Engineer: 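One structure follows; several queries about it will come next.
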Amino acid sequence: MVTTEVTERSFYEKVLEATPRGEQLRICLECGNCSGICPFGYLMTYPPSRLIAMLRADRFNKVLETDTVWMCVSCYACTAVCPSKIPLTFGLMTSVKEELLLAGNVPPELQTALANSQRYGNPQGESPRKRADWAKDIRPEVTVMAQAKRPVDVLWFVGDYPSYHPRVQSTTKAVAKVLNALGVDFGILGPDESSDGDSQRLAGERGLFEILVGKNGKTFSKYQFNKIITTDPHAFNAIKNEYPQLGISYPVQHYTEYLTERLDQLKPLLKHEVKAKVTYHDPCYLGRANGVFDPPRTLLGAIPGVELVEMAHNHANSLCCGGGGGGMWLDGFQWEKAHVRMSDWRVREAMTSGANILAVACPYETPRFEDAVKSMNGGGQLIVRDIAELLAESIG
Amino acid sequence: MNVVALFKLVPDLVEELEIDQSGTALNTDFLRLIINELDDHAIEQAILLKERSGARMTVIGSDAEGADDVLYTAVAKGADQLIKLMGDPNAVINNHAMARATAIVLKELQPDLILTGVQAHNDLDGSIGPLVAEYLGMPYVGYVSGVNVQNGRIVVRKEYPGGLIAEMEVDLPAVVGIQSAEQPPRYVTVNKVRQAMKTAAIEERPLPALDVSGGAAIRRMFKPESATRAKMIEGSTEEVTARLLDIFKEIGAL
Ligand code: SF4
Ligand code: SF4
């Protein structure tokens, strides 16, 4: 039972405080675009437009009695289509999740991920000491900042899933291979690195986000480097847009941007043909939220043998894999409500496009799409690869 | 009604355990402590009781790295009083000593109900619940996964093997060993815990003198050692079965 009484005024103020342009909630047209485009809007008791209607009617306490806001995977689709430019994803939806968290209305699987992030600095509950274990066999050896005690050109923020997830580790190793092939002077933080915290923030745990940012900020300040790169669009989004608001500012690039800038050097290394029809999935936090659409396609186009085809939903219109905003930690909950996975829809589109490789650029996506492929009729034909893996394959 | 939840901190198994030079204790260099999972359930069950029947709730644990976090988190969840027993934290591997010392503090508090996890992975000399009950002269029920207050007594749900569940009435005061709370321990947000830190106070009490008798003395601590006792039987299915039957007869199983 939820007893917290939240009036429209106080909640409105919270959203105002927590988000830039929060006051824009007032100018919602109730056009319903947001709820229409929301991939799980049809399952939400209160999709964005109805949430705003409830706020206006001063009936927010009704919202707190429901749990379907947890279907929101912070995909940014509603924010992208809102004609009034209301910060729906990181404003409204995130603030509502914050209230649900405070009221104790949280699916247990999400609680575990949050508790793990707090204790171990990663949502999976892995040993922080083993954060750089993936790099053990990489030659030339990967520089771990705390041991090397020297400045580097590029600090690679590896991230949670790339560090620990067995499938994603192979992408991580591919990135190391590409960077080494290019002769990049890079270092990683290893056990010093904490989760970027972006998905925890978008799941409503602002305080936890601030702790994680504080830890990473302190770590960054210990070392000398010129820029940060990362394979994780969530980390990219956080370091680019959120960390500076907390006083931690560093130039950051997604690895696809970084490599595209070095295309002249990279191209001659791409010797082996990857003979395939490839379709590219725009990750929400690379594409829609941060406007990085071309570099991934440029890199794919540079691989000999690759024929690029687009899915029906592409660029800003891309479909979400379902992993954002806490979705990575809500699979069970969301399956119970939906009996379908967002990644199923995307994989079906990829199959329809005629591609034999589905290329991705986010660590959440490889395992999610591979799971969907396994469970789908005829899906076995489709191969899921991170762009970095295709580049490494072409380098040979 | 006064409800007390007892907790202890145990080595976190997410980090690999190492044995120190003495060969009788864990190397504490990389050791991190974490609340015993079942004690976390005991705290949750106490909070559920408080929410349902307005009990006053006290949480007690002994001083060790991480104890303050557990206490502040408990108050953010709804606990009323926090007590930290100050003293040698190494003593926690002797449950007899801890139970005797805790019983002295508990006598003063006069609780109606004491909840604690039914076991911990570093219990060497039995779990703490029955020992506390013995020293306080109270009844004990363990492996409980639900507690309700009814007419001045409690009704507990106790789990038995084979999927059997018993409901039993217990006179108060009593000690209950919790196997699991009625719901998983709740998550409280970082901001809520921070707020609790500002307003709540942890009462520090000296740990009464420890009487370690009855506890276990560690002679040697070691990781499971591999031995070669398995025998592979080779041959066709018939040969293997015949040999198996012989072995069963030899060892008297047939
Ligand atoms: S799209 Fe924007 S203006 Fe339209 S209903 Fe949603 S929030 Fe309101
Ligand atoms: S961010 Fe995505 S999932 Fe969340 S409400 Fe908006 S459209 Fe729906």
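Below, chain A is the first sequence line, B the second, and so on; all start at residue 1. Bear in mind that the values here come from a model prediction, so they are computed numbers and not experimental data.
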Engineer: For atom CD of B:Glu51, is the number of surrounding heavy atoms from other residues, nucleotides or ligands below 6.0 Å larger than 12?
Structural biologist: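 Check passes, neighbour count above 12.
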Engineer: Is B:Arg194 in contact with chain A via its backbone, its side chain, both, or neither, using a 4.5 Å heavy-atom distance?
Structural biologist: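 Side chain of B:Arg194 only, per the 4.5 Å heavy-atom cut-off to chain A.
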Engineer: If you count every heavy atom of other residues, nucleotides or ligands that lies below 6.0 Å from B:Gln183 atom CD, does the total exceed 12?
Structural biologist: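 Yes, enclosed.
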Engineer: What do you reckon, is NZ of A:Lys136 surrounded by more than 12 foreign heavy atoms closer than 6.0 Å?
Structural biologist: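 Counting neighbours around NZ of A:Lys136, 12 or fewer heavy atoms of other residues, nucleotides or ligands fall under 6.0 Å, so no.
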Engineer: Give the member of A:Arg129, A:Gln111, A:Gln118, A:Glu210 that has the highest number of heavy-atom pairs under 4.5 Å with chain B.
Structural biologist: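 Answer, by heavy-atom pair count under 4.5 Å with chain B: A:Arg129.
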Engineer: Between A:Thr112, A:Leu110, A:Ile211, which has the largest tally of heavy atom pairs under 4.5 Å with chain B?
Structural biologist: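 Most heavy-atom pairs within the cutoff with chain B belong to A:Ile211.
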Engineer: Between B:Glu15, B:Arg32, B:Glu16, which is the residue that forms a side-chain hydrogen bond (donor to acceptor under 3.5 Å, both in side chains) with A:Ser127?
Structural biologist: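 Of the listed residues B:Glu15, B:Arg32, B:Glu16, the side-chain hydrogen bond (donor to acceptor under 3.5 Å, both in side chains) partner of A:Ser127 is B:Glu15.
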Engineer: Around B:Lys198, counting heavy atoms of other residues, nucleotides and ligands shown, do more than 12 lie under 6.0 Å from its NZ?
Structural biologist: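 Atom NZ in B:Lys198 is not packed in, count stays at 12 or less.
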Engineer: Could you walk me through whether A:Val106 and B:Tyr187 pass the side chain to side chain contact (heavy atoms under 4.5 Å, CB included) test, one step at a time?
Structural biologist: CA-CA 8 Å; A:Val106 205; B:Tyr187 179 81; 5.6 Å; no
Engineer: Counting only heavy atoms from other residues, nucleotides and ligands, does the tally under 6.0 Å from CG of B:Asn151 exceed 12?
Structural biologist: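 Incorrect, the count does not exceed 12.
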Engineer: Kindly say whether B:Val190 contributes a backbone atom to a donor-acceptor pair with the side chain of A:Glu205 at under 3.5 angstrom?
Structural biologist: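 At least one qualifying donor-acceptor pair exists.
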Engineer: Please rank A:Glu98, A:Lys130, A:Glu126, A:Arg119 by heavy-atom pairs under 4.5 Å with chain B and give me the top one.
Structural biologist: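 Of the candidates given, the most pairs with chain B belong to A:Arg119.
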